Amino acid sequence: MAQAHYQGGSPQNYRIGGTRLMFSRLVDDTTTPVKYEGFKDIGNIVDITEEQKKEVLDHYTARSGTRVKDRSLIKEASDELVLTFDEFCVENLRMMFRGGDVTDVPENLAATVVDETIQLNGTEVAILGEFDPSSIVVKSWDGVTTYTVDVEYELEDIIGGYVGIKRKGATIATGAYVRVNYTYTVRPHKLIQPGVELEVLGKAVFFAVSKTGPEFIRIVRNAQIEQEGSLSLKDADWSSGQLRLKILDDSEV
């Protein structure tokens with residue numbers, strides 16, 4: 001671990017004080033040299049807490065009736081940073097959910113689904129995609145009857161390209177299964193498979209910045225990063241999440 005300190009900040013470098021963290025994920029430690037993805041900024045950090053813990057073994061001398069402590073040894077020590085961020089970018093979500101590789105999904109202008117089976121129980125049933133409403137066809141389970149929109153069922157816009165189907169009237173019984181055909185557009189997006197990495201290891205560079213520029217930089221050559229707490233999703237404020245950066249031993253570096 002290395003730490004650099006800067007003195008004599010200049011007013012010309014005025015900026016809002018705070019912190020920045022760059023993290024480089026370990027890809028393969030069986031190669032020579034070891035492979036890393038490269039440093040990526042996790043974005044705006046709204047709060048940071050450092051937690052240093054230690055377990056001490058005390059020794060006492062007893063040459064008289066009073067035992068006096070004459071030595072104190074540190075048995076275990078740990079240093080961790082808890083980071084609160086408010087940018088839900090791909091890298092942050094990937095670290096929070098221990099996601100694997102990021103896949104770029106291209107635009108698909110003519111994706112078609114045939115005979116998707118859905119049970120209509122009176123609540124919305126979400127279907128992924130940005131629909132051409134005229135492409136949606138709802139049929140009975142046996143495929144004989146084609147239902148009419150706004151008469152026997154209705155469509156509801158939900159959010160983010162999701163559309164819901166609801167029963168309307170008594171023609172479709174509660175809990176009945178129907179077949180749905182539709183076409184939709186898949187917009188370009190990034191796909192992350194969560195929970196595939198047992199641990200996220202890498203290197204980190206931590207910047208402490210004041211209003212006149214960098215105050216110190218801390219380089220962590222061996223670290224583990226994981227989700228801390230839960231997501232804070234708010235309707236009247238910035239949503240936020242937390243990551244815990246565990247500083248691991250780098251004595252072999």
Side-chain angles (χ1 to χ4, degrees), residues 1-9 16-30 33-87 91-99 194-195 197-232 240-253:
M1 184 187 306
Q3 184 167 302
H5 176 65
Y6 293 82
Q7 298 183 8
I16 297 175
T19 61
R20 293 184 64 186
L21 183 80
M22 310 285 287
F23 188 79
S24 180
R25 181 186 285 228
L26 175 65
V27 176
D28 190 348
D29 62 355
T30 63
V34 175
K35 295 180 180 178
Y36 291 89
E37 286 189 351
F39 287 100
K40 298 176 182 179
D41 193 342
I42 74 166
N44 186 48
I45 298 175
V46 297
D47 185 63
I48 183 169
T49 303
E50 183 173 11
E51 298 181 359
Q52 291 191 2
K53 301 177 182 179
K54 63 181 180 180
E55 182 178 342
V56 177
L57 175 63
D58 293 328
H59 181 269
Y60 293 84
T61 183
R63 299 189 178 188
S64 63
T66 302
R67 296 177 68 243
V68 180
K69 181 165 63 175
D70 63 350
R71 182 171 298 178
S72 183
L73 300 176
I74 297 178
K75 293 173 55 180
E76 299 179 2
S78 65
D79 192 357
E80 301 177 356
L81 302 175
V82 179
L83 311 156
T84 302
F85 64 89
D86 63 2
E87 294 187 21
E91 287 304 318
N92 290 350
L93 292 175
R94 186 176 170 220
M95 288 188 289
M96 290 199 68
F97 298 122
R98 294 185 291 108
E197 298 288 348
L198 296 178
E199 58 184 2
V200 180
L201 301 173
K203 300 184 292 185
V205 180
F206 170 73
F207 298 86
V209 182
S210 74
K211 63 184 179 180
T212 56
E215 292 294 338
F216 67 86
I217 296 175
R218 188 173 186 178
I219 300 173
V220 181
R221 295 188 177 93
N222 189 11
Q224 179 178 347
I225 198 164
E226 60 187 33
Q227 180 181 358
E228 172 74 9
S230 58
L231 294 174
S232 176
S240 62
Q242 285 188 326
L243 292 169
R244 177 178 290 270
L245 181 75
K246 297 181 178 181
I247 301 174
L248 307 179
D249 176 51
D250 64 352
S251 58
E252 295 183 0
V253 178

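Source: prediction; values computed, not measured.
- In this structure the side chain of Phe85 reaches within 4.5 angstrom of the side chain of Asn92, judged on heavy atoms.
- Heavy atoms only, all atoms of each residue included: Val56 and Ser72 are closest at CG1-OG, 2.7 Å.
- Taking 4.0 Å as the cut-off between side-chain N and carboxylate O, Asp41 and Arg20 count as a salt-bridged pair.
- At distances below 3.5 Å, not a single donor-acceptor pair connects side-chain atoms of Arg244 with backbone N or O atoms of Glu228.
- Evaluation of the side-chain contact (heavy atoms from CB on, under 4.5 Å) rule for Gln52 yields Glu50, Asp79 as partners, not counting sequence neighbours.
- Note that Lys203 lies outside the cation-pi zone of Phe39, set by a 6.0 Å cut-off to the ring centre and a 45° limit from the axis.
- At most 12 non-hydrogen atoms from other residues, nucleotides or ligands lie less than 6.0 angstrom from CG of Leu198.
- Taking CZ of Phe97 as the start and CD of Gln227 as the end, the distance is 6.0 Å to the nearest 0.5 Å.
- Here the closest non-hydrogen pair linking Lys35 and Leu26 is O-CD1, 3.5 Å.
- For the pair Leu81/Thr49, no side-chain contact is recorded, criterion being any heavy-atom separation below 4.5 Å from C-beta on.
- At a threshold of 4.5 Å between non-hydrogen side-chain atoms, the residues Leu231 and Met96 count as touching.
- With contacts defined as side-chain heavy-atom distances shorter than 4.5 Å, the pair Phe206/Leu245 does not qualify.
- Using a 4.5 Å heavy-atom threshold, the side chains of Ile45 and Leu21 count as touching.
- Between Leu73 atom CG and Leu57 atom CG the span is 6.0 Å, to the nearest 0.5 Å.
- Rounded to the nearest 0.5 angstrom, Thr61 OG1 and Asp70 CG are separated by 5.5 Å.
- Distance check, rounded to the nearest 0.5 Å: CE of Met22 to CZ of Phe207 gives 6.5 Å.
- The side-chain heavy atoms of Arg25 and Val200, taken from C-beta on, include a pair separated by under 4.5 Å.
- The existence of a salt bridge linking Glu226 and Arg98 is excluded, since no basic side-chain nitrogen approaches an acidic carboxylate oxygen closer than 4.0 Å.
- Contacts of Glu199 classified as salt bridge (Lys or Arg N to Asp or Glu O under 4.0 Å), with partners at least two apart in sequence or in another chain: none.
- Rounded to the nearest 0.5 angstrom, Ser78 OG and Glu51 CD are separated by 8.5 Å.
- For the pair Arg71 and Asp58, the minimum side-chain heavy-atom distance is 4.5 Å or more.
- There is a side-chain donor-acceptor pair under 3.5 Å between Thr84 and Gln242.
- For the residue pair Ser240/Asp86, the side-chain donor-acceptor check at 3.5 Å is not satisfied.
- The closest donor-acceptor contact from the side chain of Glu87 to the backbone of Asn44 lies under 3.5 Å.
- For the pair Arg67 and Tyr60, the cation sits on the ring face: its NZ or CZ lies under 6.0 Å from the ring centre, inside 45° of the axis.
- Residues Val34 and Asp28 have side chains not in contact (no heavy-atom distance under 4.5 Å, counting atoms from C-beta outward).
- Closest approach of Ser24 and Gly38 over heavy atoms only: OG-N, 3.1 Å.
- Of the possible donor and acceptor atoms, one in the side chain of Asn222 sits under 3.5 Å from a partner among the backbone N and O of Asp249.
- Counting all heavy atoms, side chain and backbone alike, Tyr36 lies closest to Gly202 at CE2-CA, 4.1 Å.
- A distance of 3.5 Å separates CD in Glu91 from NZ in Lys40, rounded to the nearest 0.5 Å.
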